[in-house]
Amino acid sequence: MGVEFDSEQIDRALETFSMQEQFQLLPSVDTSGHGTAVAGIAAGNSASYSGVAPEAELLIVKLGQPDVNSFPRTTEIMRAVTYVVRKAIEMRMPLVVNLSFGNTYGAHDGSSLIERFLDNSAEMGRTVICVGSGNEGNSNGHLAGSLLRERNTVNTGRGGASEGSGTVTNKIGMIARPVSAELSVAEYERTLNVQLWKNYCDEYRIFLRSPGGQETQLPEMVNGGKYTLRLEQTEILVYFGKPAPYAVAEEIYFEMLPVNRNYINSGVWTIRIEPMQVVTGRYYFYLPSAVVRAGGTGFYGSTPDVTLTIPATASKVISVGAYDSVYEAYADFSGRGYADANRTIGVVAAGLAKPDLAAPGVGILAPDIYGGYTPVTGTSFATPTVAGSCALLMEWGEEVIIRLR
């Protein structure tokens, strides 16, 4: 169970001059400064700094401590959102939730538990949820495409489009050709996982080739869809996802681990997909977030579309991208949405566009944990600008209601 501190306890701690005494009264510390910056941009209120909505009431929730070098668990986010929504209903106040958080694991189609949970939460009380679109737009962590080609279409080049023999013709006469996804793995990568998402109606043969040229075909569903294989000094754990409620995409998950050494084999790994029975022909690869992998690890010919992090892919949240005011352009790192009209999984099927809007997210001056102000960059810091703007609109709405009464 968590601990709740009210405004009187917080004010009492702020009035003390000793950090030790402050911690005794309020045993909670922002060690990274991320939350301090986000809260300051949204609702800072001091003589030297003003946030977007300086008169807003703040309800700050600190997530539980995750494992070292990992993200907070999604269950903790769900518990936090449940708490603030219930508190807002109890206090009969409108609520804006700022979620400057995201990860790359999932189908990016709105079907995961956290995405559906946030969609439901946004319908409770007077609640708006703002979520950053993530910083994966230029990280080379996503690759998507189709095996289907028009007849006589030739597509060559490195990364995600290399073709070979084994073509198949589908029912409408389009040609499905093999494709190869080339993944560069940098040196000193301790572990790496790769997600492949596809439609259940498509049947593919999948081959994996190591940098040294060893190749193996992934067997069909055996041992409940879980098995282990080895190429060079790297062990690969493979998992085939099973159909589940609301899940419209099939997952094939690879976990690469070193064998008798500290790092997996570096170089170019190749995942080749060969068609067997094709309806849509689509495939979608995702790597872990850029902050947890080496800088040189990524796909050749990567796809910037649909690089929003989850849960910015939920349909009923406000998904916020980052805008670079210096260049008057969308920031290159900012997660991008559903520009691919041929995408067969995702909220685009419902006619929705993501992200919903963009806000300044490059070089934003924000409070730091040392008592000063520091420029910050990322969609995490574009999101509180939108959250604060929503709070201002709600303040205006509340004032209008009071006047009408």
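Predicted model only: the values in this text are computed from it and were never measured.
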Residue pair Thr280, Asp202: steps toward the side chain to side chain donor-acceptor pair (under 3.5 Å) verdict: CA-CA 7 Å; Thr280 71; Asp202 293 324; 2.5 Å; yes
Within residues 283-293 or reaching into it, pairs that qualify as salt bridge (Lys or Arg N to Asp or Glu O under 4.0 Å) - sequence neighbours excluded: Glu136-Arg293
Identify the residue among Phe299, Trp269, Trp197, Tyr300 that makes a ring-ring contact (aromatic ring centres under 6.0 Å, His included) with Phe285. Phe299
Less than 4.5 Å apart, any side-chain heavy atom of Tyr204 and any of Arg272? no
Does atom CD of Glu55 have more than 12 heavy-atom neighbours from other groups under 6.0 Å away? no
Judged by modelled atom types alone, do Asn103 and Ser289 share a side-chain donor-acceptor pair under 3.5 Å? no
Measure the shortest side-chain to side-chain distance between Pro288 and Asn193 over non-hydrogen atoms and say whether it is less than 4.5 angstrom. yes
Looking at Gln22 and Leu14, what are the two nearest heavy atoms and their distance? NE2-O, 4.2 Å
Sorted by chain and number, sequence neighbours left out, side chain to side chain donor-acceptor pair (under 3.5 Å) with Thr82 holds for none
Just so I know, are the side chains of Leu218 and Tyr227 near enough to count as touching, which here means a heavy-atom distance under 4.5 Å? yes
Can you establish whether the number of heavy atoms outside Gln233 located under 6.0 Å from its atom CD is more than 12? yes
Go through the side-chain N and O atoms of Asp305 and Thr303 and say whether any donor and acceptor fall under 3.5 Å apart. no
Does CZ in Arg261 sit with more than 12 non-hydrogen atoms of other residues, nucleotides or ligands closer than 6.0 Å? yes
Looking at Tyr188, I want to see if its OH is surrounded by more than 12 non-hydrogen atoms of other residues, nucleotides or ligands under 6.0 Å. no
Restricting to non-hydrogen atoms, name the atom on Thr307 and the atom on His142 that form the minimum distance, rounded to 0.1 Å. CG2-CB, 3.9 Å
Might you work through the side chain to side chain donor-acceptor pair (under 3.5 Å) test for Ser319 and Lys354, ending with a clear yes or no? CA-CA 6 Å; Ser319 304; Lys354 291 288 179 177; 3.2 Å; yes
What I want to check is whether the side chains of Asp30 and Thr36 have a donor and an acceptor closer together than 3.5 Å. yes
Looking only at side chains, do Ser266 and Glu189 share a donor and an acceptor under 3.5 Å apart? no
The side chain to side chain donor-acceptor pair (under 3.5 Å) partners of Asn45 (sequence neighbours excluded) come to none
Indicate whether any N or O donor in one side chain lies under 3.5 Å from an N or O acceptor in the other, for Tyr105 and Glu251. yes
